[in-house]
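First the structure, in the form of structure tokens, and then the observations on it.
The first residue of the sequence shown is numbered 1, and numbering continues consecutively from there. What you see below is based on every heavy atom in this structure, not just the backbone, and it leaves out hydrogens, waters and symmetry mates.
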Amino acid sequence: MSTFKLPSDVTICEVAPRDGFQAERNWIPTEEKIRIVRALANTGVRSMEITSFVHPKAIPQLKDAEEVVRATEDLTNIKFRALVPNVRGAERAISAGITKLKLMLSATDSHSLSNANSLVEDAQNGFAPIIELAERHNVKVGGSISVAFGCPYEGIVPLDRIMTIVDRYNKMGIAEVSLADTTGMANPKQVYEFLAVLQNGYPHIEFSMHLHNTRGMALANAVAALQQGVTLFDSSIAGLGGCPYAPGASGNIATEDLVHAFEEMGVNTGMNIDRLIETARDVKDYLGHDGGSYMLQAGPCSALSPKVAAQEKLES
């Protein structure tokens, strides 16, 4: 009998304060952002992408990045990171106290021109001064590849193109690369096969997954990545999110859905599903919507068992 082999533990990075909030048209007051970050901190999350240090004209919703970071610096149990598009953004992030930067890069020239007004190779070459700045301040840097599996402008992205980008990251000394299915075009077979080749070619790079649920395949793609030994995943509470520069992009896989699925399979996330659902419901009520969350619709499987529910009540 074959064994369904999966990692015993994973780390989930909560990205709602950046990816989720940036998709909201109505202004979320700074104090409300801080309140939500603090609520998320009580769920057991160990990693969070708290904001992006982009120009306020590009994403007005995140113009209060410094204030949010400084108001939550006491949450030392969480490793905060921030997305930065350029040297100026990196300078702002480091000054605010961020100790891990995430670089912003597209897999295709079409998406890169729309998102960063630059061709992919030129954009990636421009990371050198950011990496040098981070090294001087003992700040970690992770790479990313948006639309890594499919681009709304160019269609399916060839693996060779991803290999070229990862190779340049490797030469820059980047040891962690996020593969983002920005518009939910990936499928489990593609994810499994891409990761097999990438991990074999670059064994010293740790790959993480940033999955959007546009076409309902995010969880299946997460399981495919798990089967390849991936232990780093991004997700967003209540399934919030979406890229403003990618037509058709919808929310990320919901954190509560991902945690529930992993825990049901015996993969430890270190997060509390009940607190996640409570926080997701609170965020949904505040914003007036969610981005798609099965836990908000049906609740966890354990809730179907009266015996388990009664035991949990006693323990709480």
Side-chain angles (χ1 to χ4, degrees), residues 12-85 88-102 104 139 210 234-244 249-259 270-293 295-296:
I12 294 176
C13 181
E14 175 59 56
V15 300
R18 194 279 298 176
D19 200 346
F21 291 171
Q22 76 174 17
E24 294 299 314
R25 294 183 179 181
N26 295 325
W27 170 248
I28 303 172
T30 303
E31 58 270 22
E32 188 63 25
K33 292 188 177 92
I34 295 167
R35 185 188 71 81
I36 293 172
V37 168
R38 290 188 172 279
L40 288 167
N42 288 324
T43 65
V45 64
R46 292 172 285 175
S47 177
M48 188 182 298
E49 189 167 286
I50 191 168
T51 190
S52 177
F53 287 85
V54 298
H55 195 286
K57 289 183 179 179
I59 303 182
Q61 185 67 255
L62 302 181
K63 65 183 180 181
D64 55 359
E66 281 89 351
E67 293 93 325
V68 172
V69 172
R70 287 173 179 150
T72 54
E73 61 184 4
D74 60 303
L75 300 175
T76 54
N77 58 315
I78 300 175
K79 294 181 179 179
F80 288 118
R81 76 180 189 216
L83 190 70
V84 295
R88 176 57 185 147
E91 289 172 343
R92 289 175 57 203
I94 293 171
S95 177
I98 291 292
T99 56
K100 184 174 182 180
L101 308 179
K102 186 177 179 181
M104 185 178 74
V139 169
H210 181 101
D234 290 351
S235 61
S236 178
I237 199 79
L240 299 176
C243 175
S250 67
N252 296 264
I253 187 169
T255 303
E256 59 274 18
D257 290 351
L258 190 63
V259 168
M271 300 175 75
N272 184 295
I273 187 62
D274 293 324
R275 290 178 184 174
L276 281 169
I277 294 172
E278 180 182 352
T279 304
R281 186 172 291 114
D282 173 63
V283 171
K284 176 184 178 180
D285 290 344
Y286 175 78
L287 296 176
H289 70 93
D290 67 315
S293 167
M295 288 300 100
L296 289 182

Under 3.5 Å, side-chain donor or acceptor atoms of residues 73-80 against the rest of the protein: list the pairs with distances, not counting sequence neighbours.
from: Asp74; atom 1: OD1; to: Arg38; atom 2: NH2; distance (Å): 2.7
from: Asp74; atom 1: OD2; to: Arg38; atom 2: NH1; distance (Å): 3.2
from: Asp74; atom 1: OD2; to: Arg38; atom 2: NH2; distance (Å): 3.3

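- Looking at Lys102 and Asp234, a side-chain N of the basic residue comes within less than 4.0 Å of a carboxylate O on the acidic one, giving a salt bridge.
- Using a 4.5 Å heavy-atom threshold, the side chains of Glu24 and His289 count as touching.
- Between Glu14 and Ile50 there is no side-chain heavy-atom pair separated by less than 4.5 Å.
- With contacts defined as side-chain heavy-atom distances shorter than 4.5 Å, the pair Leu240/Leu287 qualifies.
- Under the 4.5 Å side-chain criterion, counting only non-hydrogen atoms from C-beta, Glu278 is not in contact with Asp282.
- Considering every non-hydrogen atom in both Lys63 and Glu67, the closest pair reads O-OE1, 4.3 Å.
- Separating the CZ atom in Arg18 from the CD atom in Gln22 is a distance of 4.5 Å, to the nearest 0.5 Å.
- The two atoms that bring Gly20 and Ser236 nearest to each other are CA-OG, 4.2 Å, heavy atoms only.
- Of the listed residues (Leu83, Leu101, Ile98), just one forms a side chain to side chain contact (heavy atoms under 4.5 Å, CB included) with Phe53, and that residue is Ile98.
- Taking CZ from Arg81 and CE from Met48, the interatomic distance works out to 11.0 Å, rounded to the nearest 0.5 Å.
- Thr72 places a side-chain N or O within donor-acceptor distance of the main-chain N or O of Val68, the cut-off being under 3.5 Å.
- The CD1 atom of Ile253 sits 4.5 Å away from atom CG of Leu258, with the distance rounded to the nearest 0.5 Å.
- Annotation for Ala93 and Val84: closest pair CB-CG1, 4.0 Å, computed over non-hydrogen atoms.
- A heavy-atom distance below 4.5 Å is found between the side chains of Ile277 and Leu296.
- Residues satisfying the side chain to side chain contact (heavy atoms under 4.5 Å, CB included) criterion with Asn272, sequence neighbours excluded, are Asp274, Arg275.
- Between Thr51 and Ala65, the shortest heavy-atom distance links the atoms OG1-CB, 3.5 Å.
- Atoms CG and CG, on Leu276 and Leu40 in that order, are 8.0 Å from each other to the nearest 0.5 Å.
- Counting all heavy atoms, side chain and backbone alike, Ile28 lies closest to Gln61 at N-OE1, 2.9 Å.
- Rounded to the nearest 0.5 angstrom, Asp64 CG and Ile34 CD1 are separated by 7.5 Å.
- For the residue pair Asp290 and Ala238, the shortest heavy atom distance occurs at CB-O, 3.4 Å.
- Donor-acceptor pairing under 3.5 Å is recorded for the side chains of Ser293 and Glu256.
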